[in-house]
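Labels below follow one simple rule: chain letters A, B, ... track the order of the sequence lines, proteins then strands, and each chain is numbered from 1.
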Amino acid sequence: MSQRRPLPSVVQFNQLLTSVTKMKHFSTSLHLFNQMCSLGLPVSNYTMSIAIKCCCQLYRTKDGFALLGCCFRRAIAPNQFIYSALLDGLVLEDRILEVEMLFKKLIKQKLCEPDVVMYNTMIKGLCKFSINVTALALLRLMEQTNCKPSIVTYSTIIDSLCKDKMMDDAFKLLNEMVYDKRILPDVITYTSLICGLCNMGRWDEASKMLKEMEDENISPNVKTFTALVDAFCKEGKVKEAEAVINIMIERGEFPDIVTYNSLIDGYCLRGEMIKAREIFDSMTLRGLIPNVVTYNSLLNGYCKNLNIEKAVQLFHEMTGKGLKPNVVTYNTMIQGFFQVGRCVDARKLFDEMHAQGQIPDQCTYGIVLEGLCNNRQVEEALSLFHLMGDSRLTSDIVVYTILIDGAGKCGKFHIARNLFHGLSIKGLKPVVRTYNVMIGGFCREGLLGEAKSLFLKMEESGCPPNNITYSVFLQGCLKNKHYDDVEMLLQEMDDRGYSLDASTLSLFIDHIAAGLLDRSMLKLLGKLVY
DNA sequence: ATAGGGTTAG
């Protein structure tokens with residue numbers, strides 16, 4: 001094209017870029033764009049928006065902004081297409097603050113009148129961070145302008161509400177969409193709702209939705225079916241999941257890699273590793289190549305079932321096939337090694353992940369710290385924690401809680417205590433698990449008074465005790481023969497609708513059998529066991 | 001004549 005004379009029009013070049021981009025060959029498309037620029041071929045705002053989109057989709061939003069600079073130099077006025085692509089890139093990279101800043105700037109400086117797609121992109125970004133309130137506020141803002149919300153706008157927010165288990169709000173918005181705006185739900189809207197209902201175990205309503213959608217002549221697609229498969233698998237109902245897969249095949253929709261990954265995960269969860277491996281092998285026969293998620297599921301299955309040798313073998317199989325382990329892969333394997341006490345191997349893999357350019361995340365550090373503590377290497381854990389310095393990783397309450405727990409369990413309760421008291425200086429608020437760990441620690445040390453005052457503090461700190469808190473505290477009371485509060489605690493549990501776990505119950509039985517507790521306690525205990 | 005947005009997985 002570049003050598004033809006006369007030169008093809010800019011439109012024809014754009015058409016080329018469009019088709020390459022639609023095939024998601026973003027880097028090829030960018031390469032072509034760069035050639036066009038260096039050959040001095042014509043470039044329009046269409047060309048620029050495609051090039052910027054490609055940068056952004058490649059997680060190179062920075063380059064996208066550099067191209068925005070090119071627009072100004074070439075006197076190409078950036079429009080909604082260009083700014084939406086940039087906003088989308090920022091969303092993709094989780095740069096939510098910059099998303100909001102750019103959007104506000106566009107409006108304030110009147111650089112670009114937002115259109116429906118730009119609003120939808122903003123709403124998607126907010127929803128990605130569960131900022132549903134602001135997403136809804138943008139929807140209301142749209143209504144006040146002449147930019148009508150579309151099915152995409154509603155579906156994005158409905159999906160987010162479903163993911164956050166706010167089904168009532170999701171249905172409220174659905175009703176508003178249908179009855180006020182006369183927009184009918186499509187397969188995507190239904191899929192989100194069905195997914196939300198399934199994840200909450202509201203199977204009856206989910207199947208009602210499924211029926212309703214069929215009545216409206218909207219056929220469920222692969223994603224709809226996969227949502228069902230996934231929900232069944234997460235509840236361990238693999239037979240039901242397989243039934244769904246059979247139905248979908250009968251209907252001419254074929255399970256994809258995501259569907260199979262869910263099923264494999266389901267079998268792994270049940271510890272049925274042979275079956276999981278069978279599904280894995282059968283995927284290949286169907287022409288589906290297992291990806292890193294597939295391998296991670298199986299690796300997790302082998303590790304959780306303490307078959308580390310199989311996991312190691314599979315890990316090598318995976319790399320041998322040219323698949324690059326990611327952070328989740330390493331996290332899974334490291335945890336697997338720690339669980340069987342192979343700390344040296346865990347450490348080796350932790351170093352290897354750095355070498356392979358996989359940046360450890362909060363999960364990694366949590367796993368490593370927990371692994372070290374559980375293997376009685378609390379000193380190691382502490383020095384690693386200090387080595388981590390002041391980063392996002394050390395300002396994570398989950399990581400802190402693990403370390404507090406580990407220190408306490410390794411007989412370093414004074415350290416646990418110091419860490420706990422240092423939380424507020426770090427600006428961190430304890431979560432229920434943190435309190436549970438500390439109460440457990442106080443009880444272990446025989447400091448029942450302190451355990452009790454912390455227990456009482458939970459409610460006023462806006463962090464009410466859960467059933468685990470009660471179990472931990474009750475076990476502490478029993479083991480320390482501190483019976484004064486026991487009856488009151490059991491009564492409170494009953495009031496809150498909590499139940500007693502097996503180990504706490506058996507401890508009670510022991511104490512009653514030994515004559516340490518009165519048999520009259522049995523009646524109350526009976527109410528707490530289902 | 002040409003460009004952008006929403007549903008599923010570890």
Suppose we call a contact any N or O donor and acceptor under 3.5 Å apart; does that hold for the side chain of A:N291 and the base of B:dA9? yes

With the side chain defined as heavy atoms from C-beta on, A:I50 is closest, among B:dA1, B:dA3, B:dG10, to B:dA3

Rounded to whole Å, how long is the line connecting atom CG of A:L298 with atom P of B:dG10? 14 Å

Can you check the A:F81 CZ to B:dG4 C1' distance for me, whole Å? 6 Å

What's A:S150 touching, base or sugar-phosphate or nothing? Going by heavy atoms closer than 4.0 Å. base

If you only use heavy atoms from C-beta on, which nucleotide in B:dA9, B:dT7, B:dG6 is closest to the side chain of A:T191? B:dT7

Counting the benzene-type ring for Trp, do A:F26 and A:Y59 have ring centres under 6.0 Å apart? no

Would you mind reading off the distance between A:Y295 atom OH and B:dG10 atom C1', rounded to a whole angstrom? 14 Å

Let me know the distance between CG of A:L32 and P of B:dT2, rounded to the nearest Å. 19 Å

The side chain of A:Q80 lies closest to which of these nucleotides: B:dT7, B:dG4, B:dG6? B:dG4

A:Q15 side chain, from C-beta outward: closest of B:dA3, B:dA1, B:dT8: B:dA1

Any idea which of B:dG6, B:dG4, B:dT8 is nearest the A:T226 side chain? B:dT8

Is there a donor and acceptor pair closer than 3.5 Å between the side chain of A:N14 and the base of B:dA1? no

Report the residue from A:M122, A:K104, A:E93 that forms a side chain to side chain contact (heavy atoms under 4.5 Å, CB included) with A:V99. A:M122

Which pairs would a plain distance check flag for residues 191-198 of chain A, meaning a side-chain donor or acceptor within less than 3.5 Å of a matching protein atom at least two apart in sequence or in another chain?
| residue | atom | partner | partner atom | Å |
| --- | --- | --- | --- | --- |
| A:T191 | OG1 | A:V187 | O | 2.6 |
| A:T191 | OG1 | A:T224 | OG1 | 2.9 |
| A:S192 | OG | A:D159 | OD1 | 2.8 |
| A:S192 | OG | A:I188 | O | 3.4 |

What nucleotide, of B:dT7, B:dG4, B:dG10, holds the atom closest to the side chain of A:V117? B:dG4

Out of B:dG6, B:dG10, B:dA1, minimum distance to the side chain of A:S155 belongs to B:dG6

Would you kindly give the NZ-to-P distance between A:K128 and B:dG6, to the nearest whole Å? 11 Å

Tell me whether the side-chain N/O atoms of A:K304 come closer than 4.0 Å to OP1 or OP2 in B:dG10. no

Does the B:dT7 base have a donor-acceptor partner in the side chain of A:S192 within less than 3.5 Å? no

Determine whether any donor atom in the side chain of A:T156 lies under 3.5 Å from an acceptor atom in the base of B:dG6, or the reverse, and answer yes or no. no

Among A:I279, A:L263, A:L298, find the residue that satisfies the side chain to side chain contact (heavy atoms under 4.5 Å, CB included) test when tested with A:C268. A:L298

Please report the distance, rounded to the nearest Å, between CD in A:Q358 and C1' in B:dG10. 14 Å

Thinking salt bridges, do A:D168 and A:K172 make one under a 4.0 Å N-O criterion? no

If you only use heavy atoms from C-beta on, which nucleotide in B:dG6, B:dA3, B:dT7 is closest to the side chain of A:K22? B:dA3

Counting any heavy atom closer than 4.0 Å, what does A:T47 reach on the DNA or RNA strands: base, sugar-phosphate only, or nothing? nothing

Base of B:dG4, side chain of A:S84 - is there a donor-acceptor contact under 3.5 Å? yes

Mind checking if A:V116 touches a base, just sugar-phosphate, or nothing, with heavy atoms under 4.0 Å? base

Mind calculating the distance between CG (A:L193) and P (B:dT8) to the nearest angstrom? 12 Å

Centroid separation under 6.0 Å, is that true for the rings of A:F81 and A:Y46? no

From the list B:dA9, B:dA3, B:dG6, which nucleotide is the closest neighbour of the side chain of A:K124? B:dG6

Mutual orientation of the aromatic rings belonging to A:W203 and A:F232 [parallel < 30°, tilted 30-60°, perpendicular > 60°]: parallel

Could you state the CG-C1' distance from A:L17 to B:dG4, rounded to the nearest angstrom? 15 Å

Between B:dT2, B:dT8, B:dA9, spot the one nearest the side chain of A:K163, thanks. B:dT8

